[in-house]
2 protein chains.
Amino acid sequence: MSIEIPTQVVFYKVERAIKEYRKYAQKKISEKVQDITVDQGLILLFLKHYPELSQKEIAALVFKDNASMTRMIDLMVKKEYLVRSTNEEDRRRYNIEITDKGKTVLEKLPPVILENRKKALAGISIDEIEQVEKVLDKIIINCTTNQ
Amino acid sequence: MSIEIPTQVVFYKVERAIKEYRKYAQKKISEKVQDITVDQGLILLFLKHYPELSQKEIAALVFKDNASMTRMIDLMVKKEYLVRSTNEEDRRRYNIEITDKGKTVLEKLPPVILENRKKALAGISIDEIEQVEKVLDKIIINCTTNQ
DNA sequence: CAAATATATTTGATATATCAATTAAAAACA
DNA sequence: TGTTTTTAATTGATATATCAAATATATTTG
């Protein structure tokens, strides 16, 4: 059985697009904020909106596994963007708080992020984006429904 | 400046879709072929179609950097899917050959890959896919053209 | 209540990602 | 030709990805 080479398949382009966007976004963020990755920025944004999140919940939101999240939070604590304290209602979990240093980062991020999205999506209509999201939703469902 | 939470942005969905597809594809591949990752399979497919590829060229095709490629090929040599030999026309490069064990894998992969794509793209029209590719192309260009 | 099960997090092992520095060979150049 | 500049690949350091096993606490169940 022969198949076309991978470059001809839509997933190849999806992979490339997200990687180029990440590379671009990281470059722009690094110009404005020292020592923060795209994913660390995402974690800060989620924690700001939902301060009660556990590590496991954050992991699910940013599509990482729990082990990775442990190590990412470790690092963010070491770099003083976050502090951990045990949750007294459920001593298996941590309360995770954003430090002042983390808040400073959070102030700088939004304009950069908005600008990045704007640049990456230039010349693309709302309609096209919705169309893409519709297809991506189908792919997600296809890949996650059992069997 | 306030921004919407990341889940509301198309890139979030792109990220999720490609991750779910990778997870699904890896699961299906692992059922049929022992000890091969999606990326290692991709490398085999590219080498089959273009046997002259250098490590650097393969890296570009699968969106990895040279250092990662060195280590991935190291591993694939150790697992006996590939053999390296120096290229006598350009002694900085390697000739990379697929071993018999690698060829056996290559025989098993295509049906699984075709089935995976079929499942992941079920209920999505050619037209929709082309639409998505068009938008992704714009994003890629937006993120890679300077400034 | 005690035992079994489930859950949140951590740890270890191995692979991959990324950046910067290094090495060896090729190509350009003066 | 000898020197400089490029290029392909490697190495080291650090971070992240992934899986399996371990730990500590909660919850369920008999």
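Naming convention: chains lettered A, B, ... in sequence-line order (proteins, then strands); numbering from 1 in each chain. Model, not experiment: these values are computed from the prediction.
- A 6.0 Å sphere centred on NZ of A:K101 holds more than 12 heavy atoms belonging to other residues, nucleotides or ligands.
- Backbone-only contact: B:R84 has heavy atoms under 4.0 Å from sugar-phosphate atoms and none from a base.
- With salt bridges taken as basic N to acidic carboxylate O contacts below 4.0 Å, none links B:D65 and B:R71.
- Position along DNA chain D of the nearest nucleotide to A:A67 versus A:L75 favours A:L75 as the more 5'-ward residue.
- In this structure, A:M69 reaches neither bases nor backbone, as no heavy-atom distance under 4.0 Å exists between it and the strands shown.
- Summarising the geometry, the separation between CD1 on B:I73 and C1' on D:dT10 is reported as 13 Å, rounded to the nearest angstrom.
- Within the 4.5 Å cutoff, no side-chain heavy atoms of A:K28 are placed close to those of A:K119.
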Write down the protein N/O and nucleotide N/O pairs, taken from nucleotides 4-8 of chain D, whose separation is under 3.5 Å; answer none if there are no such pairs.
{"residue": "D:dT7", "atom": "O4'", "partner": "B:R92", "partner atom": "NH1", "Å": "3.4"}
{"residue": "D:dT7", "atom": "O2", "partner": "B:R92", "partner atom": "NH1", "Å": "3.0"}
{"residue": "D:dA8", "atom": "OP2", "partner": "B:K56", "partner atom": "NZ", "Å": "3.1"}

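- Hydrophobic clustering, with ILVMFWY side chains joined whenever heavy atoms are under 4.5 angstrom apart, groups B:I124 together with B:V10.
- Within a 6.0 Å radius of CD in A:Q34, no more than 12 heavy atoms belonging to other residues, nucleotides or ligands are found.
- The neighbour count for B:E57 CD, taken as heavy atoms of other residues, nucleotides or ligands under 6.0 Å away, is above 12.
- Each of B:K79 and A:Q26 was assigned the nucleotide of DNA chain C with the nearest heavy atom; the assignment lying further toward the 5' end belongs to B:K79.
- A donor-acceptor pair shorter than 3.5 Å can be found between the side chains of B:R84 and B:Q55.
- Mapping A:R71 and B:K64 onto DNA chain C via the closest heavy atom, the residue that lands nearer the 5' end is A:R71.
- Closest-nucleotide positions on DNA chain D for B:I96 and A:K78 were compared, and the one nearer the 5' end corresponds to B:I96.
- From the 5' end on, the contacts that DNA chain C makes with chain B at under 4.0 Å to a non-hydrogen atom open and close at C:dA15 to C:dA26.
- Across the protein-nucleic acid pair, B:R91 atom CZ and D:dT10 atom P stand 14 Å apart, rounded to whole Å.
- Relative ring orientation between A:Y21 and B:F11 is described as parallel, the plane-to-plane angle staying below 30° on a 0-90° scale split at 30° and 60°.
- Crowding of A:E52 atom CD: a count of heavy atoms from other residues, nucleotides or ligands under 6.0 Å not exceeding 12.
- Contacts of A:E57 with the nucleic acid, taken as non-hydrogen atoms under 4.0 Å apart, are absent.
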